[in-house]
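Computed from heavy atoms alone, side chains included, the values below leave out hydrogens, waters and symmetry copies. Starting from 1, each residue takes its place in the sequence as its number.
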Amino acid sequence: MAAFPRFRFLAIAVIFHFAYIFSIFDIYFVSPIETGMRLFNVQRPPNRSAPADRLVLFVGDGLRADKALQSHPEPYPKSDADLTPRPLAPYLRSKILEQGTFGVSHTRVPTESRPGHVALIAGLYEDVSAVTTGWKLNPVNFDSLFNRSRHTWSWGSPDILPMFEQGAVPGRVDAYTYGHEFEDFSSDATQLDLWVFDHVKDFFAEARRNKTLAEALRQDKIVFFLHLLGLDTTGHSYRPYSKEYLNNIKIVDQGVKEVAELFRDFYRDGRTAFVFTADHGMSDWGSHGDGHPDNTRTPLIVWGSGVAKPQLYPGEVAPGHDEYSADWNLDHVRRHDVAQADVAALMSYLVGVEFPANSVGELPLSYLAADIKEKAEASLVNVQGILEQYRVKEEKKKATELKYRPYQPFGENGLSPERRVAEIRQLIDAGRYEEAIEESAALMKVGLGGLRYLQTYDWLFLRALITIGYLGWIAYALTTVVDLHVLHGRVRPSRTLGGGLFFTSVLVALYASFVISKSPLTYYVYAFFPVFFWEEVYARRESLAAGRKELLGHINSGGSVASFVLNSALYVGVIESLALGYIHREILSVLFVLGSFWPFTHGLSFLKKHGALSATWFLACIAMSTFTLLPAMKAENVNLITIGGVLMVVIGLLYLIFEDFVLADFSWNAKPTSRNHLSRSLVGIQVGLTVLSIVITRSSALSLQAKQGLPRGNQIMGWVTLVASLLMPLAYRLQPNNHYMHRILVIFLTCAPTFVILTISYEGLFYLVFSALLVSWVRLEHAVQKFTSSKSPQTTATKKPTTTTESHLPAPFRPLTLHDARVALFFFILLQSAFFSTGNVASVSSFSLDSVYRLIPIFDPFSQGAMLILKLMIPFALISANLGILNKRLGVAPSALFMVVMGISDILTLYFFWVVKDEGSWLEIGSTISHFVIASLLCVFVSALEPVSAAFIAGVDVGEESELKEEGKVAEKVVEKVNEAVEGLVGGGDGGGGES
């Protein structure tokens with residue numbers, strides 16, 4: 001009956017949520033990249049050269065600051081003396097102590113290779129959405145240090161170098177990369193770094209024979225970039241505290257030493273500057289991406305021509321140190337921390353090129369071996385670059401605003417940027433260099449504040465618009481639920497001319513303002529949805545009134561009103577508590593413990609009748625509550641993987657043994673059904689595939705742990721097992737067994753091998769407990785409905801629907817009641833637990849790639865990410881199947897509870913939208929983005945689950961059908977016959993019949 005409205009609703013839900021997910025990037029993370037700016041560099045007399053003729057940039061991908069500078073025992077000791085802790089990077093440490101300046105470079109989220117390198121080399125923080133563009137391609141040709149250089153030579157990963165080569169002036173950047181097959185997580189990743197060092201040596205050996213190349217290398221303003229991926233790959237595979245990672249640090253240190261000596265011997269002029277840093281760090285669990293301090297703190301060591309010598313404080317703690325660097329044994333050397341984008345400004349100054357056009361880095365003067373006048377000049381040039389960006393952005397904003405509101409410090413009451421620059425120039429000309437530096441630093445802060453002001457200029461309007469959109473969706477979703485699943489569509493929408501003119505006028509006014517302001521196309525989408533939703537709600541106001549009578553008609557006393565208000569507050573409180581669950585997973589443990597007592601609320605008579613079922617529910621809830629108390633970050637545990645897999649096999653064998661008991665709804669009294677031998681054989685095959693997955697996974701994991709690589713046979717058999725298990729349900733079509741318990745078992749065993757192959761610890765045990773909880777929930781909800789119906793036959797679930805504007809026969813499904821809101825809430829909590837019970841998916845770095853190496857050992861972010869998502873989706877497959885069966889057992893429409901959840905889920909989304917941060921600690925920024933995106937995608941997941949559910953339960957037999965549904969089928973037949981009769985009368989008349 002409501003197939004088309006339901007499809008329309010689902011399509012709107014998906015489009016709306018995908019569109020609104022991007023709203024945070026239009027509001028909070030607008031791309032800072034602009035074009036048309038003038039470029040600035042330090043002007044020097046013809047007889048004075050830049051601090052350095054050339055610069056060498058080493059980037060140890062995934063190197064943490066603490067691991068680089070702490071002391072550790074020899075990773076592979078050969079004697080007792082090797083057990084004594086010692087610095088693992090002695091060469092780099094010698095530069096800190098004797099020749100250069102060091103500190104910690106603080107990165108921003110997302111702590112991934114692409115945005116990290118963009119910050120280091122271009123001096124800008126791309127908007128967070130840029131990480132979705134991939135690791136290889138450059139979506140915009142932004143300016144960079146490499147583009148400013150006379151020429152750049154680079155060596156390293158094919159995932160990093162091409163984006164700078166393609167983004168620069170053609171021919172200016174040469175990139176030498178190894179093949180993708182080198183990025184094998186199952187092999188020794190130090191070979192990646194050795195490849196780079198060896199090819200740099202070969203390059204300079206060629207320069208000694210090639211006169212043209214030698215002349216190119218003798219020019220000034222040239223840059224060499226060595227990208228060292230081995231540390232990142234080793235950290236992912238073995239963790240940053242492993243002997244493999246620590247040994248890789250030693251190899252990198254030795255390689256840096258050899259390259260530095262190579263430059264010394266080749267040039268013999270002391271005009272080379274060296275910068276050693278990292279694009280991001282790495283968590284203790286071998287991951288990165290979020291804002292955890294271990295991911296955002298990287299080493300910065302600079303030495304050579306133009307670089308300040310270390311500032312030593314013998315016998316005392318030098319400035320800049322804190323608890324983080326207490327165990328580095330460098331307390332007497334001043335630590336100079338910088339933001340990651342500052343490194344681009346530093347390198348541009350050292351090699352004497354213009355600052356990159358979009359750079360927002362502040363030149364760290366403490367790293368410069370320059371006199372006070374030079375520092376003052378450099379500071380002024382630095383701030384001129386920032387003010388130039390402000391000028392271009394402001395001009396564009398003025399051109400598109402009806403009434404531009406100027407940035408107050410530069411407005412009517414404040415001094416213009418040009419005036420302030422002129423005053424700083426006067427200070428320099430007067431020899432007041434310290435004052436000039438202070439004024440430049442202050443103006444830099446004001447300029448950066450101006451850039452932020454222009455970035456956030458439209459915040460208030462957009463946030464209000466998005467909020468109205470989400471509230472409109474919630475109202476629209478719940479109105480649709482009332483219309484389709486409470487009233488069964490018997491109240492038609494009522495539109496008026498005045499209402500139509502009002503909503504049309506609002507939309508036209510918004511669109512007109514967007515046209516004048518030359519707003520992005522996304523603004524039009526953001527404005528369309530609120531108007532559309534609220535117009536729909538207004539048109540169905542009569543449905544809402546009728547639905548209120550249906551759902552709340554029994555609330556007619558003070559006590560019932562108070563109870564309803566209290567329950568509503570508790571309902572919303574539980575939903576909001578789930579928001580805290582994104583940060584504190586223990587909230588879900590509390591909810592499961594409270595939920596375990598739900599059967600007790602129905603009294604002793606219910607417990608006596610359904611004691612075993614209630615006990616199963618209680619134990620499953622208690623077991624589920626333990627998973628969110630376990631660490632979210634897990635190390636690989638082959639024994640737990642094996643135990644989980646064996647228990648899955650045991651479930652399959654127990655079903656084969658007790659099939660008659662299970663299919664008789666867990667009753668010994670029912671007569672045994674005729675055996676479906678093909679179906680039983682297929683179950684046996686699925687059990688066998690699970691056994692095979694256990695054997696393969698155990699063998700692959702042990703081989704990888706022993707650093708023997710992934711055996712080719714294991715990889716092939718792993719893929720065969722995974723694909724075969726996912727295709728097994730198709731075989732059941734030959735001789736189907738449609739009992740709902742059999743269908744649930746088939747789905748359970750279909751996903752079991754995949755879960756075994758992709759698990760690293762206790763996830764297999766979660767899969768078992770979660771499956772048991774879902775089956776208990778389906779059976780318990782049905783038992784509760786039967787029990788309450790038997791106690792009060794005239795419940796709202798069985799009473800005839802009230803006619804309001806039209807007279808309809810009963811629908812094929814019973815109407816929803818207030819009691820179904822609790823069912824939807826349970827479903828919502830189970831959805832959340834599917835995310836959080838085995839890990840904190842709100843942290844993008846909480847995924848472990850260990851399991852993926854068993855199938856894809858070569859680095860391929862998209863394929864490996866797809867496998868992790870497949871594992872993540874398996875619990876949702878179980879939820880969708882069980883909810884579909886529950887819908888049939890309760891007699892409600894297949895889409896009813898899905899649609900309720902899709903409405904209430906955006907209470908969370910709206911909360912997370914307002915707490916998104918683009919400032920503060922990197923951990924806060926990354927977490928708030930993740931929370932919002934996950935909450936938004938949750939509604940999309942739910943909308944996708946409904947067709948999945950329909951596919952899983954097609955033709956399933958749930959045993960007892962609701963009487964109301966049977967009445968509805970008869971009613972549908974009667975309606976069909978009546979329609980035929982009416983058509984016959986119309987056809988037999990004058991043919992002029994039309995709609996009445």
(request) Measure from the ring center of Tyr238 to the ring center of Tyr245 and say whether it is less than 6.0 Å. (result) no
(request) Answer whether the closest heavy-atom distance between the side chains of Lys393 and Gln455 falls below 4.5 Å. (result) yes
(message) Could you check, using the six-membered ring where one of them is a Trp, whether Trp155 and Phe197 have ring centers closer than 6.0 angstrom?
(response) no
(request) Kindly assign one of parallel, tilted or perpendicular to the pair His151 and Trp153, based on the angle between their ring planes and the thresholds 30° and 60°. (result) tilted
(message) Below 30° counts as parallel, above 60° as perpendicular, anything between as tilted: where do the rings of His227 and Phe225 land?
(response) tilted
(message) Suppose we screen for side-chain hydrogen bond (donor to acceptor under 3.5 Å, both in side chains). Which residues come up paired with Arg172, at least two apart in sequence or across chains?
(response) none
(message) Can you give me the closest heavy-atom contact between Asp371 and Glu374, atom names plus distance?
(response) OD1-N, 2.7 Å
(message) If the threshold is 4.0 Å, N to carboxylate O, is there a salt bridge linking Arg271 and Asp269?
(response) no
(message) Restricting to side-chain contact (heavy atoms from CB on, under 4.5 Å), what partner residues turn up for Ser71, sequence neighbours left out?
(response) Pro85, Pro87, Asn329
(request) Please identify each residue that fulfils side-chain contact (heavy atoms from CB on, under 4.5 Å) with Pro90, with sequence neighbours left out. (result) Asp253
(request) Sequence neighbours left out, what passes side-chain contact (heavy atoms from CB on, under 4.5 Å) with Ile372? Give chain and number order. (result) Tyr433, Glu434, Ile437
(request) Of all the heavy-atom pairs spanning Gly361 and Asn382, show the shortest one and how long it is. (result) O-ND2, 3.1 Å
(message) I'd like to check the side-chain hydrogen bond (donor to acceptor under 3.5 Å, both in side chains) partners of Lys221; sequence neighbours left out, ordered by chain and number.
(response) none
(message) I need the single residue from Val256, Thr234, Leu228 that forms a side chain to side chain contact (heavy atoms under 4.5 Å, CB included) with Asp193. Which is it?
(response) Leu228
(message) Check for me whether Arg54 meets the cation-pi criterion with Phe224, that is, NZ or CZ under 6.0 Å from the six-membered ring centre and within 45 degrees of the ring axis.
(response) no
(request) Using a 4.5 Å cut-off on heavy atoms from C-beta on, say whether the side chain of Leu217 contacts that of Phe203. (result) yes
(request) Could you please spell out the steps behind the side chain to side chain contact (heavy atoms under 4.5 Å, CB included) verdict for Leu145 and Val353? (result) CA-CA 8 Å; Leu145 167 70; Val353 300; 3.9 Å; yes
(request) Determine whether the aromatic ring centres of Phe40 and Phe355 lie less than 6.0 Å apart. (result) no
(message) Which residues pass the side-chain hydrogen bond (donor to acceptor under 3.5 Å, both in side chains) test with Gln219, not counting sequence neighbours?
(response) none
(message) Pair Thr272, Asp53 - check side chain to side chain contact (heavy atoms under 4.5 Å, CB included), show working.
(response) CA-CA 6 Å; Thr272 307; Asp53 288 341; over 6 Å; no
